[in-house]
Structure formats: C-alpha cells, structure tokens
Protein chains: 2
Amino acid sequence: MKKSVTIRDIAREAGVSSTTVSRYLNQNGYVDAQTAERIRAVVEQFNYRPSRIAQSLKTRESHNLALIVPDIQNPFYSSMANKIQNLLLREGYTATFFDSGADFQREMTCLGVAESIGADGILFASVSSRRIILNELERIGVPVVMINSYDACPFDSVHGVRSESTYLTTRHLIELGHREIAFAGGTPGTAIAQSRKNGYLNAMQEAGLPVRRDYLIEMGFDSESGRKCGTYFSALFQMPTAICCANDLVALGMLQVLIERGFQVPQDISITGVDNIEYGDLCSPPLTSVINDSGEFAKMAVKALMERLRGSYTGAPREFLIPRRLVVRGSTAQPQRKEQEA
Amino acid sequence: MKKSVTIRDIAREAGVSSTTVSRYLNQNGYVDAQTAERIRAVVEQFNYRPSRIAQSLKTRESHNLALIVPDIQNPFYSSMANKIQNLLLREGYTATFFDSGADFQREMTCLGVAESIGADGILFASVSSRRIILNELERIGVPVVMINSYDACPFDSVHGVRSESTYLTTRHLIELGHREIAFAGGTPGTAIAQSRKNGYLNAMQEAGLPVRRDYLIEMGFDSESGRKCGTYFSALFQMPTAICCANDLVALGMLQVLIERGFQVPQDISITGVDNIEYGDLCSPPLTSVINDSGEFAKMAVKALMERLRGSYTGAPREFLIPRRLVVRGSTAQPQRKEQEA
DNA sequence: ACAGTGTACGAAATCGGTTACATATTGTTT
DNA sequence: AAACAATATGTAACCGATTTCGTACACTGT
C-alpha cells in the first residue's frame, strides 16, 4: 500500500550508509559536521520519520505504555488520563488506552493485549486486584504501577492514604453534630470500595457512634448507583441525617434523587462525596468533598514508571501516598433532626 | 532485559518450522491436525503470544489507530473514547490516545507521533481544521475519519447536522416566548464553534429577532468559559432573558455564576446547553440540552474507518450525520421579564 | 504407468531499523 | 618515527514475525 521512506533511502540520497544516518539520528557515535548537515537536509526534504515499529523490534523497547482505567467517564480518571498522556508525550512515550469497565475479565483481556503489543510498562488502575491479575502482571514481566489499588502488591503503587477520604468526610459530618450517618459505597469486593468503607467505619467507631446495618449499602461508583442508594435511603422509615458517599458520582446521583423527592439539602440531609470533581462544584448545592488530585496521581505514577524503565530505581516496590484535603461546600450543614421529630 | 518467547522457540519445541507455526496461528495454508494439536499445546504451555511489533513490521499493519480528541475531560469525548476503544478491541485493534488540548500546535505534534508509531488510521476530533492539518493528514496517507469537524475535507467525517444543535435550543427558547436571547459560544475560530454560532443566528433570523452585539460572546468550550460569560452577562445593564450556550460545560459554568449571584433559573433567566452530558441532568435545575449521542458517533466513526482499512469501501469521502434531539428540562421556562421591569 | 491435484511442510528472504565489529584517516604523544 | 587515541564511516548480522517458492508425498483419473 503506502511505501514509507526508509533509513536506507535517506542514506542513499545523502551518499552515506544507513549506519551513519542512524548515528546522526540517535546522536551517538561520530558523524562529521558536513555529513550531518547533508543528512539533515535529506531528512527534512523527505519528511522522514524513523519507523517506531522497526526500532521497537530491534531495541526491544516500544516506547509505548498500556494505560488501563476502570471508567474513563469518571472525571477523576479522564483528568488523570489527560495528564498522564501529556507527561508521557514529553518523555517520548505514547499510551495505548484501555477502559476495563471495572470488569475482571476485561482487565485480563487488556493485559493480554498489552503484552502482545509489547507495552514497555503498565499504568493500571485496577479494581479487581485479584491474585490472578497480579500473577498475570508478573508473568508479563514489565514494570507496573498500580493506581488506587490498595492491596499489598509487588509493584509500585500510587494512591491516597488508605481510608482517609471517607474518614475525613465522615468526621466532618460528626463534627457538625450528625449521629445518624449512612454510607453509600462503591463496587463491593474492590479494594478501593473496601478502603472507603473502612474510612467511614473508622470515623464512626472513633466517635463511638453505632453503625446500623441498614445505613450501609454498597452498589457501584457511578451516578446510577447513587440514584439507587438515594431511592433506598429516602424510603427508609428512619432516614439518616447525613450520607457519606463513596465518591462524587454517587453523591451527585444521590443528590438528584433526594431533591427530586422534595428533600432539602443540606437542611434535611447532608451529603458528602470524594474526588472533588468539577461537576460537584457546579451543582447546587455544591458538594462537600475531598480533593483527590488527579494531576498528582498522574505525576507520581509516570515518575515511578519512568524510573523503573530507565533503571534509575530498581529497589523494592514503593508506595506513593497522595495527600488529600477536605473541601467543605454547601451540601453539608448541622443536623436539624430535633425539629422534624417534634 | 526480558527475553520473550518467539515463534522459533515454539517451532523448535513442537518439532516443526516457524513457517508451520505461523500457518497454524493465522489459519492459512495447510497444517496437519496432529501437528496443529502439538503446536497448540506448546503455545499454551509457553503462554506464547506473537509479537505484534514484528507482525507489524512485516505486514505493514500495526492494528493500532491514533485517537485524537480536544478534551478528554469533556464527557462527550470521554464517553466516545470509551465506546471507540470497546469497538476497536472487538476488531482486534488498539488505540493510542492523544489529548490535543484543542491546540493547533499539539494537534500537529500528535499527528507526527501518530505517523511514526505507524498508526493504520486516525480518528481525529480536530478543532483547528486548518489547511496545514489537512495537508499533513494527506501526506501521512492513512485513512482518516474526522469527528465534529464541519469543514469540507477530503476524508470521511462524522458529525451532527451542521448548526442544528443550537438552532434547536434557540428555537425552543423563542417558542417559549423569549426575545432577548444571548449566545455564549465556544473557542473562536474553530469549525464547531462557528457551526454552533450559526445555529443560534439562523434561529434568531428565522424568527425575525435582532441579534445584539453585546449578546454574543465567544470564549471556550469549558466550564471556566461559562463562568466568565456568566459574569459578563450578569453585569450587563440590560440582561437577556435567556442564554443559549455552545455546550453543556459552558452552560453549567454559567448556571453556577448566575445562581451564585442570586438569579433564579429559569424564573429570571433560562439557560440551554448542548451535548446532554450526564452532569447536566444531575444539577439543579437540570439542564435543557440537545442529545449528542456519543455512542452513535463512536459507532459510525469506527465503522467508516474499518471499511477504509479493509478496503471494503474506497469511494469518495462520506459524511455521516448523527441525528439530534432536544431534551427539555428545568433550566428553561417562559420569560417573566415584564414583571421584573415593572 | 503417468500426469495432475491437493495436502503438508521447510529454507530463506524480507520488513526498517540498530549495533558489534572492522577499516581508514588524522592528530597527538613518547 | 613508531605507537596510540580520536574521529568518521561502512559491512553485515539481527530483532520476530510473514511469505514466496520449492520439495515431497498421497490420491485420483485415464
């Protein structure tokens, strides 16, 4: 089909061998200034770009990474993906993008593809950090950075302080005077959902507050799950005065249902999220949340992987903790339960 | 570093030549049933996956596409990216992801990288459909599908009916009785912004309504632009009774500022968006918008590109129009200007 | 018995780069 | 003047697959 111009074409045209052209392009070995100039001119004239594929085959480095996220439509991940791609471009790397849909089987599929395309490394926001996944990663044998995957694993990992996010929001609710605090959680069985639940439980326990069975439900991490949880809570005989949601999407879905059903937020009920996504601020009332700095995640993940790729770090797996910060907005306030009961 | 298992390893282990293994894997040429079984077993035992890189070099097909979007954080594009990636995976293709940040220079950079990595095709949501870009695409010489790029171009393209989206929202506002309708537009100089502006202008003209200079401003396609426009409009001596925004992000930013400044939406002022993103529905008031079906975009774009890649279509550039539909929600209502003036 | 056809498999070239090794010229040191 | 290092370039093998061409055998029909 399309015949590309090769290094040998350039060599012939410049009257040198392909070796010399290669040396010129990679700036290694000696090449005379005049020769270099001749090559440069020919390269420009022909708009020559060396084939990354051929390079990869020989050097055994594809300069391409696999980026696997559970849900690119989640603003946290789309923002992170954007930043990762920017950082990588600067380093001369590209990213092959995968959306696993938070599904274990698809995660395995993506890993298989990642291997066959010869990815030099994997940036993996895995939800199902099952043993099989870890085994598969080890078998593939390229550097891996796990993102938001709290389980102990033999790879570098980047995540917020375990359980800190919902701990912060729950404690905030407690400090406001709430006692009946419910939790609307993410996909059961995933490490990150577990961590968020624990944050809630820890804060409750620390304050000596009881956790009611029917105040703790887990669905998923998207707004649809939030709507379902909202429907559930609003139908309870005894509603909580505050709900700690596993992330902002859940909180937004929840908010919508509650407002739809005539509840006032935060007067009747307070809501918190996690991630501090843009839309949480755009809504009314704006969402109290926890900053999960996707840029920081991207930076650390890329840095860690690059160090592994360059071999400038070869030690034990590292854990990078991204600091978080509570952002109080309009969706939380002191409880007014007494009046309602009267 | 990591020595991969090659087709020759498999061949040796199975007691055949690499040719036969290749024939077995690609299901072309004859291979004895028993031999096939032996090979299958060895392949499984060694967990062998042929190197896509070596395949690409020889066959001159990378089975990898470049996907370039202006802003992956825009829910329309992140949703589209998700769906595109899913469709491609099924076809045995991968996508290298680029976020151009709606910047011309970066678009050029991305195209250069796309060429050197040997992308078989390009899915390109270009904002700056400048001549240079088109020339560069033609020079690269691989199939291209342009997305949301309205200018006439020598490639297949996928987009909504030109100017239809804002035409629908503006007409909706007019039918509600609004006469003082402003427009908050997207990045000036881009084809899509031009198209959105035209939709507004057409509807206004059709209804015989005058367009005031100070009611027409263009900033960008993100929520920050919406906030700026909102600040501008809310400071006007004579405020419009409705604002037609170029997309939902702009509308959401606008909404936030207006509510912040004490305006009631839709009582004091009506707001419309375009794209029907999830968050537009989650906010209050929920946003009147126009459905821009990202799944349909993804489907048509992938289909068109695949046909080009397979050579099953080789004719003139095609234009795929995705139908749209107005979704009326709480952010629009009849104007109540008379009372306010009194 | 022989040509023709379908089946089964291998040797070797090839894709477009990189690189180990060899060669040649020039400059510098002893 | 001989020895050595630095500079400048080329030859050819190689990365891991695919593919052309060729060989060999087993049928089948005449």
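Within every chain, numbering begins at 1; the chains are lettered A, B, ... in the order of the sequence lines, protein sequences first and strands thereafter. Computed from a predicted model, the values in this text were never measured in an experiment.
Between A:Gln55 atom CD and D:dG16 atom P the separation is 16 Å, expressed in whole Å. Whole-Å rounding puts the B:Glu61 CD to D:dT19 C1' distance at 14 Å. Distance, A:Ile7 CD1 to C:dG17 C1': 6 Å, rounded to whole Å. With rounding to whole Å, A:Ile53 atom CD1 is found 15 Å from D:dA17 atom P. Distance, A:Arg60 CZ to C:dG17 P: 19 Å, rounded to whole Å.
B:Val142 and B:Asp120 get closest at one heavy-atom pair: CB-O, 3.4 Å. Scanning all heavy atoms of the two residues, the minimum distance from B:Asp99 to A:Asn86 falls at O-OD1, 4.3 Å. Here the closest non-hydrogen pair linking A:Ser100 and A:Glu107 is CB-CG, 3.6 Å.
Side-chain contact between B:Arg52 and B:Thr94: present, with at least one pair of heavy atoms (C-beta onward) separated by less than 4.5 Å. In this structure, the side chains of A:Phe221 and A:Asp71 stay at 4.5 Å or more apart for every pair of heavy atoms. Side-chain contact check for A:Phe124 versus A:Leu137: some heavy-atom pair is nearer than 4.5 Å. Looking at A:His159 and A:Ile192, their side chains never come closer than 4.5 Å, going by heavy atoms from C-beta outward. B:Val69 has its side chain within reach of B:Leu67: a pair of non-hydrogen atoms, C-beta onward, lies under 4.5 Å apart.
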Every protein N/O within reach of nucleotides 10-14 of chain C N/O, cut-off under 3.5 Å:
unit_1, atom_1, unit_2, atom_2, d
C:dG10, OP1, B:Ser17, N, 3.4
C:dG10, OP2, B:Ser17, N, 2.6
C:dG10, OP2, B:Ser17, OG, 2.9
C:dG10, OP2, B:Thr20, OG1, 2.7
C:dG10, N7, B:Arg23, NH2, 2.8
C:dG10, O6, B:Arg23, NH1, 3.2
C:dA11, N6, B:Thr19, OG1, 3.0
C:dT14, O2, B:Lys58, NZ, 2.8

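Residue-level contact check: B:Tyr24 touches neither bases nor backbone, having no heavy atom under 4.0 Å from any strand. Using a 4.0 Å heavy-atom criterion, one finds that A:Thr59 contacts the sugar-phosphate atoms exclusively.
Taking a pair as Watson-Crick or G-U wobble with both distances under 3.5 Å, DNA chain C forms stems of 3 or more consecutive pairs at C:1-30 with D:1-30.
Taken residue by residue, residues 25-47 of chain A places heavy atoms nearer than 4.0 Å to DNA chain D at A:Tyr30, A:Val31, A:Asp32, A:Thr35.
Just one of B:Val144, B:Ile132, B:Ile140 meets the side-chain contact (heavy atoms from CB on, under 4.5 Å) condition when paired with B:Leu111; it is B:Ile140. With respect to A:Phe297, the ring pair (Phe, Tyr, Trp, His ring centres under 6.0 Å) criterion is satisfied by exactly one of A:Phe320, A:Phe76, A:Tyr77: A:Phe76.
Listed candidates were C:dG16, D:dT18, C:dT18. Nearest to the side chain of B:Ser22 is D:dT18.
When only modelled atom types and interatomic distance are considered, B:Ser79 and B:Ser294 share a side-chain donor-acceptor pair under 3.5 Å.
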